[in-house]
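The figures here come from the full heavy-atom set of this structure, side chains too, leaving out hydrogens, waters and symmetry mates. All values reported here derive from a predicted model rather than from experimental measurement.
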Amino acid sequence: MHYRGFWTRIAVAALGMLLTGSLGWPAHTTAAPSTLRYLAINVGNASPQYGCWEYKLCRAQDVQNLRNYIATWQPDIILLSEVYRAAQLTGTANNGPILPPGYTGMCGQSRDRYTGALVSWDAPNASHEHECIAWKTSRLSYVAGSAASAYGRNDAYGQSNCNYDFTGFRVRLTLDGQYTITAVTVHPDSGNTSCRTEEIARYWSTLADGAYTIIGGDWNTESDAEIQRPATFAINYKGGQHWNLAYHSNEYSAVYAWGLVKYKYDHAFSNFGTPFTANLTYGSVLGGYDGHPRADGGEGMDHRQILVDMALP
C-alpha cells in the first residue's frame, strides 16, 4: 500500500465532508440576499390640455407607457399617487388597465368629508380614489383588513383651508410568506404648509407603523421640517440622495412649465433593509437620470418615478 496516497485520499475526503456539512458542521455557502424592489410615482399631469379630471392619470398613451414600464422593471410593490379612479388599476375604465398581468392592487375609498360615508369616486367634498398601492401577486399577498387612509386635514381650519382629497394610503402585504411589509403611499396638500404638515404627521403616526415599512411618493415639499422623518427611517431617495451612497444635486423629481419650474418633491424611506446595488448602481434611481428611462416614456407626467432596490434582513 502506498501510504502517502492513502492518507492524501483520506484528507481530501474529510475536507469534502466538512464542506458539505456531513461531519456535523454546516457547509459554508454564500446565498444571494433576498431583495425587494418598489416603485413610488405620481402619475398625474397638471397640463389642462390633456383634459383629465382633476389632472389625474387618464390619457391613453400615459397609461400605456406606465404599464410598459411596470412590465419591464417588475417592481414588487408600486406606490401610486393621482390615479384617476380605482377601476383603472385592473379594469378598462379611463384607458386602463394601469397594471400588467401578474399584478393587482387597491386604492383608498372615496368618503364624504362631512359624514365619512362611502360615496362615488367622483363625488364632491369627498376623498376620491387617487392614492393606490399595487403588488406582484407571485411574491406578495394582501393582509385582510389592513387597508387604511389618512385624509386631508378636516378640523375647522382644514375645512376652510385644506383640500380633503390629498390623502395617504397604506396596505400590509405578506412577502414570500415570511415578511409583513407595510406599504404607504403619500400625497399631502400641495398649496398650504399648515395643511401639509398636519397631514404628513398623521401619515407617520397612523399609517407607517409597521416593523417593515416603506413609505414614498409625492410629498409636495422639500422641507425636512415638514417631512418629519423619524430617526428610525433611512433615506432610500430624497432630493438626489441615494441611501448613504451618493448625492446628485441636479436631480429634480417634479418638473412643470415645459421644464422651467423644478422641485425636489418626491421621496422614499424605509425602516428596514439596505441598498441593493446589483441592478441599480446606488440602490435607487430617479426617472430620467443615470440613464434610467422615465415611466411616462419621456412626456406626460409632471413627476419622475423613484425606483428602489433593497436587500432584506
Side-chain angles (χ1 to χ4, degrees), residues 32-44 57 62-83 88-90 96-107 131-142 169-176 178-187 210 212-218 234-238 242-243 253 266-270 272-297 300-301 303-312:
S34 182
T35 62
L36 174 73
R37 168 172 286 182
Y38 74 91
L39 169 67
I41 180 171
N42 180 322
V43 297
L57 176 68
D62 300 333
V63 176
Q64 179 68 60
N65 285 334
L66 177 58
R67 184 168 61 245
N68 291 345
Y69 178 87
I70 294 169
T72 298
W73 289 92
Q74 291 287 306
D76 299 302
I77 300 174
I78 308 166
L79 313 178
L80 293 150
S81 302
E82 299 205 28
V83 166
Q88 279 182 295
L89 285 185
T90 57
I98 294 171
L99 303 176
Y103 286 85
T104 192
M106 59 194 309
C107 303
E131 277 64 68
C132 311
I133 296 174
W135 57 91
K136 185 186 294 184
T137 57
S138 62
R139 294 198 69 192
L140 296 124
S141 58
Y142 173 63
F169 179 62
R170 79 104 195 273
V171 298
R172 300 194 204 280
L173 302 166
T174 301
L175 173 66
D176 296 338
Q178 182 177 0
Y179 299 93
T180 298
I181 306 295
T182 299
V184 185
T185 186
V186 304
H187 192 219
Y212 297 96
T213 296
I214 57 173
I215 178 170
D218 173 11
I235 294 172
N236 297 172
Y237 180 86
K238 178 181 178 294
H242 301 261
W243 295 87
S253 66
D266 299 81
H267 321 296
F269 310 99
S270 71
F272 72 103
T274 55
F276 184 70
T277 59
N279 299 308
L280 303 179
T281 303
Y282 306 112
S284 62
V285 67
L286 187 68
Y289 293 92
D290 290 325
H292 192 78
R294 283 170 41 177
D296 62 1
M301 299 175 191
H303 291 254
R304 310 295 173 254
Q305 79 277 5
I306 302 168
L307 191 67
V308 176
D309 277 356
M310 63 166 63
L312 302 179

Nearest heavy atoms of [X] and [Y], plus distance in Å:
| X | Y | answer |
| --- | --- | --- |
| Leu79 | Ile215 | CD1-C, 4.3 Å |
| Val63 | Pro97 | CG1-O, 3.6 Å |
| Gly105 | Leu99 | N-CD1, 4.1 Å |
| Ala40 | Gly217 | CB-N, 3.9 Å |

What is the distance from atom [atom1] of [X] to atom [atom2] of [Y], rounded to the nearest 0.5 Å?
| X | Y | atom1 | atom2 | result |
| --- | --- | --- | --- | --- |
| Met310 | Thr277 | CE | OG1 | 13.5 Å |
| Arg172 | Thr213 | CZ | OG1 | 7.0 Å |
| Tyr289 | Arg294 | OH | CZ | 9.5 Å |
| Asp218 | Asn42 | CG | CG | 4.5 Å |
| Thr274 | Asp309 | OG1 | CG | 11.0 Å |
| His303 | Asp266 | NE2 | CG | 5.5 Å |

* Quick one: do Arg139 and Asp176 make a salt bridge, cutoff under 4.0 Å? ->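 The answer is yes: the pair qualifies as a salt bridge.
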Does any non-hydrogen side-chain atom of [Y] lie less than 4.5 Å from one of [X]?
| X | Y | result |
| --- | --- | --- |
| Leu280 | Leu307 | yes |
| Thr104 | Tyr142 | no |
| Trp73 | His292 | yes |
| Phe269 | Ile235 | yes |
| Phe272 | Ile181 | yes |

Hey, does the side chain of [X] reach the backbone of [Y] with a donor-acceptor pair shorter than 3.5 angstrom?
| X | Y | answer |
| --- | --- | --- |
| Asp76 | Arg37 | yes |
| Asp296 | Met301 | yes |
| Gln88 | Leu57 | yes |
| Ser284 | Asn236 | yes |
| Glu131 | Glu82 | yes |
| Trp243 | Gly283 | yes |
| Ser81 | Val186 | yes |
| Tyr103 | Pro75 | yes |

* Structure fact -> When Leu80, Ile78, Ile77, Ile214 are each screened for side chain to side chain contact (heavy atoms under 4.5 Å, CB included) with Ile133, the one that passes is Ile77
* Stepwise, does the side chain to side chain contact (heavy atoms under 4.5 Å, CB included) test hold for Thr35 with Asn279? -> CA-CA 11 Å; Thr35 62; Asn279 299 308; over 6 Å; no
* Would Ser253 and Arg304 count as having a side-chain donor-acceptor pair, cut-off 3.5 Å? -> no
* Can you label the angle between the Tyr212 ring and the Tyr179 ring as parallel, tilted or perpendicular, going by 30° and 60°? => perpendicular
* Hey, mind stepping through Val171 and Trp135 against side chain to side chain contact (heavy atoms under 4.5 Å, CB included) and telling me if it holds? -> CA-CA 10 Å; Val171 298; Trp135 57 91; 4.3 Å; yes
* Asked: How far apart are the C-alpha atoms of Leu66 and Ile98, what are their side-chain angles, what is the distance that settles it, and do they pass the side chain to side chain contact (heavy atoms under 4.5 Å, CB included) test?
  -> CA-CA 7 Å; Leu66 177 58; Ile98 294 171; 3.6 Å; yes
